Structure formats: structure tokens, C-alpha cells
Amino acid sequence: MNNYLDNLNSEQRKAATHIEGPIMVIAGAGSGKTRVLTYRIAHLLKQGVSAFNILSLTFTNKAAKEMQNRIEEIVGESKAINLWMGTFHSTFSKILRFESERLNYPTNFTIYDTDDSKSLIKTIIKELGLDKEIYKPSFIRNKISSLKNNFITVEKYKNSLELNQQDKIAKRTDFGKIYQIYTKRCEKAAAMDFDDLLLKTYQLLENHSDILLKYQKKFKYILIDEYQDTNHIQYLIIKKLAALNENICIVGDDAQSIYAFRGANIQNILNFKIDYPDYTTCKLEQNYRSTSTIVNAANSIIKHNEKQIKKVVWTKNKTGDKILITNTSSDNDEGRLVANTIIEIQKQNQENYKNFAILYRTNAQSRALEESLRKRNISYKIYGGISFYQRKEIKDLLAYYRLCINPNDEEAFKRIINYPTRGIGTTTIQNLNIAANRYEKSIWEIINNLDDIDIKINQGTKNKIQEFATMINNFIINATQKNAYHTAEEIAKETGVFNKLYTDKSPEGVSKFENIQELLNGIKDFEKNADLGSNKLADFMQDVALLTDQDEETKYDTNKVTLMTVHAAKGLEFPYVFVVGLEENLFPSMMSGENQESLEEERRLFYVAITRAKIRLFLSYAKTRFKWGQFTESKMSRFLNELDEEYIEKQEIFLEKKDYKPYKIYPKVKLVKTKSYSNNLKSIPSKKLTKVNTVENTEIGRNTLNKIRNGMEVKHNKFGKGKVLNISGEGSNKKATVFFNGIGQKNLLLKFARLEILS
DNA sequence: ACCTCAAACATTTTT
DNA sequence: TGTTTGAGGT
């Protein structure tokens with residue numbers, strides 16, 4: 001058996017094996033950062049450290065799962081089973097549930113997602129009778145979120161003269177009141193928002209020294225991935241947890257910091273040096289992912305940023321093709337260009353769809369792309385946007401589940417009290433709300449004691465409410481006694497949700513019904529895989545709010561083109577990458593304006609985008625784009641001018657007008673001569689997207705097409721040597737069946753396959 | 001209380 | 001372009 005560390009270069013090995021004391025790993029894009037973390041944990045385990053003592057914080061649950069699997073492969077499953085691996089939010093929610101009584105929260109507290117928070121803020125603003133133009137719910141929510149992430153509690157906020165002064169200037173003097181009521185209402189509903197998961201963890205550690213000590217002793221070794229994207233409160237928590245042993249390993253890349261908008265702070269990397277003066281540093285600078293063209297082009301971008309830690313990312317990989325920059329007349333044409341290109345490459349190189357990714361700045365851009373892909377029958381998977389758990393029908397049913405686990409959950413209550421309609425309208429709900437506020441109880445407590453309360457509701461409605469309460473109370477009992485799936489199905493049926501969607505035969509209704517079934521299937525799966533003691537509905541619901549669709553099992557999407565925002569692509573890599581919509585006011589975003597700081601973040605985002613590509617990178621921008629129901633003109637992104645000309649090639653595309661018949665929409669390409677192109681004609685020929693440049697028209701191509709016969713020995717630049725077994729088809733549809741040594745039989749379209757005749 | 005239709009509005013990026 | 005909100009009718 002080989003030494004498991006043989007797979008690492010010297011710097012990676014240092015990062016993986018230097019296990020005592022603080023260590024900071026600055027890891028360039030594609031430098032094997034995940035590999036280092038994986039081997040570091042494996043090494044710790046091999047050295048006899050118990051998995052129970054290791055805490056590893058990653059950016060997504062998916063990344064954690066992948067790392068866990070790779071570690072299990074190295075050290076065996078039994079040794080790795082007690083590892084704590086996950087995102088900040090999911091890990092800390094586990095701790096919070098475990099220690100909930102210290103915080104006066106029930107174990108089954110609800111996690112409010114962004115929509116829940118916004119909706120609660122909206123009700124508060126309405127209740128206070130404030131102008132919703134001045135107090136925009138999403139603005140208020142963002143502000144509360146950023147306060148929490150900077151550890152500014154309600155009390156701190158109220159005591160801060162500076163912050164109060166700012167409110168006065170902005171004529172938003174009631175903000176503090178909203179913040180306070182919001183906090184109180186969350187507590188009353190036994191709910192935590194995303195930021196509470198961090199804030200309350202910190203408060204737990206700060207106010208209870210015994211708990212702090214317990215976790216300090218437990219987490220003897222702490223590893224943090226994507227450290228450049230941690231915010232202040234996360235920094236504070238880590239600092240506390242690591243204070244006893246100081247065995248902390250942070251891995252990050254300042255050039256890939258793209259979450260400043262939600263409080264990420266590069267200062268955290270700099271603080272590391274101050275907090276742990278005897279730290280060790282590692283710099284992983286060798287890129288194993290991309291061609292040198294892509295690596296160098298990325299470097300030429302990032303050097304325009306002033307704020308950065310010095311490092312030189314380099315690679316031994318081959319030069320590869322130039323980066324193609326294309327200008328199209330509209331966003332639809334851009335979509336067609338991308339779809340056509342994918343088809344061409346797929347035919348030419350026998351590539352799988354899963355090797356392609358299309359990255360964009362905003363989710364809204366996906367529509368035009370999706371349409372083009374659908375028209376060309378390219379299967380794709382889209383991440384982000386409206387994820388499964390964000391769909392209305394799913395949220396509605398989940399609201400019932402939430403209510404059964406935590407009946408004080410105000411947002412869940414509001415969602416379903418009259419869904420499906422049961423004659424309890426807005427005025428009744430308002431009256432209930434008023435009573436709840438007056439008695440300082442949750443609405444749930446009010447409706448369970450309707451007869452003892454002074455409230456203006458007529459008897460008919462009262463009966464309906466009590467019927468509803470009885471139903472929920474029955475569910476609550478069932479949820480604790482019966483297994484998850486049984487309870488979930490019963491709730492879907494008894495409430496009428498199931499039936500309401502079943503009878504709706506419109507396309508949307510059918511799809512909603514299917515989604516509900518999928519949710520129920522998911523719960524069934526969960527129950528099957530769960531341990532005996534934890535297969536209740538409450539167990540299933542624990543992490544649902546923290547799930548993103550990237551965490552979903554990839555059972556259906558084996559071979560699909562990936563569509564996602566650049567943010568979502570962080571940490572991923574693909575052989576072929578398209579970055580679309582490189583226009584001013586889109587990428588860089590309009591919101592960043594001319595502000596230096598946010599412009600640098602946009603530039604880092606672009607850096608992240610292009611460093612996802614392994615083999616080929618395509619950049620495009622459109623002259624006009626459909627936005628808010630109107631065509632808007634756009635200018636080329638400044639970032640394209642910042643790319644070193646040595647690595648790029650520009651072309652202009654004229655697509656035939658709106659005719660989507662497949663055989664007609666190949667792009668007609670005209671190369672626009674740029675300095676780099678004309679000076680450098682001898683450079684490596686790109687695999688062009690053009691008809692002009694398909695193999696059919698090259699010398700080798702023509703030879704192959706006309707001369708190939710059965711039994712010939714041929715050479716393919718990817719599959720190597722092989723023998724022709726059969727020829728079929730005519731003209732440009734001529735196909736050859738070839739048997740390649742060590743690979744097997746392939747059907748090749750001669751128009752595209754680069755076959756060389758050997759004999 | 002509920003339904004329907006027209007007008008207004010909206011888009012960074014995410015746990 | 002799609003979704004959400006508010007007015008008005010039943």
C-alpha cells in the first residue's frame with residue numbers, strides 16, 4: 001500500500017501534516033485546497049487523534065459530504081464516523097439544539113428562512129403603522145442581518161449614539177423599535193433566523209463558561225475552509241473555540257472573497273496573524289486545474305485589484321486554447337451561441353454534457369439560456385433560483401409540519417391558517433394578532449383558549465378556528481408517536497392539501513402535485529435511512545431550512561449541463577465553462593457602481609468565474625438585453641479590457657434571424673482581427689465554433705471523409721489508434737464505427753472526428 | 001370572506 | 001417578462 005501522502009506536493013504536504021499549532025494556508029484557485037483539507041484530517045486520524053475531537057467547517061453541506069467520503073476511503077469508515085463536518089450554520093444549529101435549554105429555547109426551535117424573516121418584518125411594520133416606502137422589509141431585514149453578523153444586539157444598538165444618529169439622518173428613527181420587536185417575536189415563536197444561529201452560538205459560549213470549556217475540550221482540532229468568506233461573528237466564535245488548544249487550520253484565498261455583501265471580512269485573515277503570533281503559513285500556488293492560458297488570464301485580471309495578499313499562481317499544465325470572447329446582438333442570441341457551441345464541442349470531442357457549465361452574474365439571466373438549451377434538446381440542471389424547498393406548494397406543506405413541531409411558529413401559522421381556505425379571513429387573523437400582542441402570547445395559545453379571551457370574533461368563525469386547533473393538536477400527538485412518513489402523509493391528506501392539488505389538472509397544478517409527492521418520497525427515504533430513535537417528522541424538519549438544492553442528491557442529473565450563478569460555482573470546476581453577460585451594469589453589477597471596494601469584489605467574482613474552467617473558457621456579452629420587459633442597450637464589461645490580449649481571441653457573431661430550426665442556426669462566424677490575433681497567427685489553433693473551421697473543411701477532414709474504408713487503421717487524437725469496423729450514412733452524415741485499443745467501440749461522425757488514416 | 005382582474009413592481013450575489 | 005398587490009364585484 002502506498003503512503004497516502006504521496007499524492008501531495010511538498011507545500012501541500014506541509015499543510016496537511018503540520019498538525020500542532022495555528023496554521024494559515026493561502027491557497028490559490030485550483031491548487032488542491034480540498035485535497036489538503038482531506039489529507040490533513042486523514043493524517044490526524046492516522047496519528048491517533050479521535051474523530052470526536054475534530055471540527056471541520058466547510059462552505060456547503062455538499063462539500064462536507066464529499067470530504068467525509070474521501071476521508072473514509074483513506075482511513076476506513078469506522079474511524080471517520082464521529083467527525084463534525086458541515087457548514088457554520090448546520091454545525092452550530094446542532095450545538096444550539098443540544099444546549100437549547102440554556103437559551104430558553106425548545107430543542108425543536110424553528111429556523112426562519114429569509115422569506116419568513118421578511119414576512120415577519122412586514123407584519124411588524126404594518127402593526128406599527130409605518131410607511132413601507134421608508135421602511136422597506138427587505139432593506140430592514142438586510143440591516144438587521146448585518147447588525148447581528150457584527151455582533152450588535154438590540155441593546156448595543158439602542159446604546160449606540162452613532163447608529164441612532166444615522167437613523168435620524170435617514171429619517172428611519174423607528175428602526176430600533178422594529179429590531180427590538182422582531183427579536184422578541186422570534187423568541188416568542190421559538191424561532192431563530194439564519195443570523196441567530198451564529199449570534200446565539202456566540203452568546204451561548206460567552207455566557208456559559210462550562211459550555212465553552214466543554215466544546216473547547218471536544219474540538220481539539222479545528223479546520224476552516226473558505227476562511228476569506230467568514231464574517232465577524234463567525235470569527236468571534238472560532239476565536240473562542242480555538243482559544244484553549246490553538247490547533248486551528250484556516251484555508252482561504254483572498255482573491256476569491258466574494259461574500260462581503262453578507263458581512264464577509266478579509267480582515268479576518270489579517271487578524272489571524274495577530275491572534276496567533278506563532279502561526280505557520282503555507283502558500284499553495286501551483287494550479288493543477290486549468291490550462292496555463294486560463295491561469296495567466298486570471299492573473300492578468302486579479303492584478304488590477306489593489307487589495308490583495310501577494311502570491312503567484314502558476315501551472316505546469318499545457319498552454320491550451322485561447323479564451324474566446326464573443327459579442328452577440330441580444331441575450332437570446334447569446335443563449336443560442338452557447339447552445340450551438342455545446343453541441344459542436346459535444347460532437348467533435350464526444351464530450352458529456354456534464355462537462356459544461358454556464359455561469360452568470362444574476363439568476364434572472366438563466367431564462368434565455370434555458371430556452372436555447374431546451375430548443376436544442378440539451379438536458380441541463382439549474383442550481384439556485386427557486387430551489388425545491390422555496391416552492392410555494394412545498395413551503396405550504398412544510399408550514400403544517402413546522403406547526404406540528406413548534407406550534408408557536410408564527411410564520412408557519414400565518415401561511416396555513418386559511419390554506420386550503422376554511423373561512424378564516426384576514427380580519428379574523430388581524431383580530432387574533434391584536435389579541436396575541438395584547439396578552440403577550442403566541443397566536444397558537446390564543447386560539448387554544450378562545451373562550452377565556454376577550455376577542456371580537458363571531459361564533460361561526462370561532463367554531464372554525466377551534467376545529468383547526470383540534471386538527472393540529474391531533475397531528476402534534478401523532479408526530480411524536482408515529483414515524484415521519486406516516487405523519488407527513490396523514491397531514492397532507494387530512495388538511496386537504498393533497499386533494500386540492502390533485503383535483504387541479506392545470507399544468508401548474510399537476511407539477512405542484514408531483515412536487516408534493518417528491519417531498520413525501522424524500523421523507524420516506526429519510527425515514528428508511530434514519531436511526532431508530534430519530535426517524536420522526538421533527539428529525540426530518542431539523543435541517544430543512546438549511547438545505548440548498550446543491551445539497552440534494554444528484555440521482556437524476558447524471559449527465560447534464562450545469563447552469564448557476566458565479567457565487568454558486570465557488571469551489572467547483574468544469575472542463576468547459578461559459579461566462580455570459582459580461583456587460584457593464586450586469587457584471588460588474590449595477591449596484592457596485594463606481595465604488596472601489598465593491599468593484600474589487602466584482603473583479604474577484606470574475607476571477608472566480610474564469611478559474612472554474614479546466615480546458616476551455618468562453619466569454620460573451622450582448623449588445624441588447626431584455627430587462628424588466630424592455631430592451632436595454634449594454635456596453636462591454638470593463639473586465640474584458642483588463643484581460644491580457646495574449647490570451648484572448650475576439651469574434652463577432654451574426655446569427656440568422658429568429659429561425660430556430662436546428663439545421664439553420666449554426667452561427668455564421670466572422671473573425672474580427674485583433675492585435676493579438678493578427679500578430680500571432682501561428683499560435684495554437686483553437687477549436688473554433690465555426691462552420692468554416694469544422695473538420696470537414698480541413699485537409700485531414702476531407703481526406704478522412706472521402707477516403708475512409710472498412711478495415712483501415714486510424715488514429716484519433718483522444719482515443720488513439722483503432723480499426724474501422726463499419727461505415728454508414730452519406731455526405732456530411734457519414735459515420736464510422738471504430739474499435740479503439742483499450743477503449744472499445746465508438747460511433748464517430750466523420751464531419752467532426754479528427755481521424756488520421758494510418759494504413 | 002373570497003374571487004378576479006388590472007396595475008404596479010421588480011432583479012445582485014446566499015447560509 | 002412574471003409576480004405580487006389592491007380595488008371592486010359577488
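If you're wondering where the values come from, they're calculated on a predicted model, not measured in any experiment. Chain naming here is simple, since letters A, B, ... match the order of the sequence lines and numbering starts at 1 in each.
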* **Rounded P spacing from C/dT4 to B/dT13 in Å** => 16 Å
* To do: Could you work out the separation of B/dT11 and C/dG6 based on their P atoms and round it to a whole Å?
  => 16 Å
Find the distance [X]:[atom1] to [N]:[atom2] and express it as a whole number of Å.
{"X": "A/Q234", "N": "B/dT15", "atom1": "CD", "atom2": "C1'", "answer": "9 Å"}
{"X": "A/I258", "N": "B/dT15", "atom1": "CD1", "atom2": "C1'", "answer": "13 Å"}
{"X": "A/Y419", "N": "B/dA1", "atom1": "OH", "atom2": "C1'", "answer": "18 Å"}
{"X": "A/M564", "N": "B/dT12", "atom1": "CE", "atom2": "C1'", "answer": "17 Å"}
{"X": "A/R625", "N": "B/dT12", "atom1": "CZ", "atom2": "C1'", "answer": "14 Å"}
{"X": "A/F139", "N": "B/dT12", "atom1": "CZ", "atom2": "P", "answer": "14 Å"}
{"X": "A/D113", "N": "B/dT14", "atom1": "CG", "atom2": "P", "answer": "14 Å"}
{"X": "A/L586", "N": "B/dT13", "atom1": "CG", "atom2": "P", "answer": "10 Å"}

Looking at [X], I'd like to know whether one of its side-chain N or O atoms comes within less than 4.0 Å of OP1 or OP2 on [N].
{"X": "A/T421", "N": "B/dA1", "result": "no"}
{"X": "A/T565", "N": "B/dT14", "result": "yes"}
{"X": "A/N363", "N": "B/dT14", "result": "yes"}

* Structure fact -> Heavy atoms of A/M471 and A/T495 approach each other most closely as CE-CG2, 3.9 Å
* To do: Please report the closest heavy-atom contact between A/E99 and A/Y215, naming both atoms and the distance.
  => OE2-OH, 2.7 Å
Determine the contact category for [X]: base if any of its heavy atoms lies under 4.0 Å from a base atom, sugar-phosphate if only primed atoms, P, OP1 or OP2 are that close, otherwise nothing.
{"X": "A/K122", "result": "sugar-phosphate"}
{"X": "A/T428", "result": "sugar-phosphate"}
{"X": "A/N418", "result": "sugar-phosphate"}
{"X": "A/F88", "result": "nothing"}

* For A/D539, salt bridge (Lys or Arg N to Asp or Glu O under 4.0 Å) partners two or more places apart -> none
Side-chain polar contacts of residues 248-261 of chain A - donor-acceptor pairs under 3.5 angstrom, sequence neighbours left out - could you list them?
{"residue": "A/D253", "atom": "OD1", "partner": "A/A255", "partner atom": "N", "Å": "3.0"}
{"residue": "A/D253", "atom": "OD1", "partner": "A/K311", "partner atom": "NZ", "Å": "2.9"}
{"residue": "A/D253", "atom": "OD2", "partner": "A/Q256", "partner atom": "NE2", "Å": "2.8"}
{"residue": "A/D254", "atom": "OD1", "partner": "A/K311", "partner atom": "NZ", "Å": "3.4"}
{"residue": "A/D254", "atom": "OD2", "partner": "A/I309", "partner atom": "N", "Å": "2.8"}
{"residue": "A/Q256", "atom": "OE1", "partner": "A/R612", "partner atom": "NH2", "Å": "3.2"}

* Asked: Looking at A/F513 versus A/F498, is the centre-to-centre ring distance below 6.0 Å?
  -> yes
* Asked: Can A/F261 be said to stack with the base of B/dT13, given centres closer than 5.5 angstrom and planes under 30 degrees apart?
  -> yes
* Answer yes or no: is there a donor N or O on one side and an acceptor on the other, between the side chain of A/E600 and the main chain of A/E306, under 3.5 Å? => yes
* Mind checking the CZ-CG spacing from A/R367 to A/D331? Nearest 0.5 Å is all I need. => 11.0 Å
* Asked: Considering only B/dT15, B/dT14, B/dT11, which nucleotide approaches the side chain of A/H567 most closely?
  -> B/dT14
* Kindly point out which of B/dT15, B/dT11, B/dT14 is positioned nearest to the side chain of A/Y259? => B/dT14
* Structure fact -> Residue pair A/G423/A/M590 against DNA chain B: nearer the 5' end by closest nucleotide is A/G423
* Structure fact -> Of A/T426 and A/L605, the one whose closest nucleotide on DNA chain B sits nearer the 5' end is A/T426
* Structure fact -> Its 5'-most and 3'-most nucleotides having an atom under 4.0 Å from a non-hydrogen atom of chain A, DNA chain C is contacted over C/dT1 to C/dG6
* Asked: Does A/K143 count as lying over the ring of A/F139, i.e. NZ or CZ under 6.0 Å from the six-ring centre, within 45 degrees of the axis?
  -> no
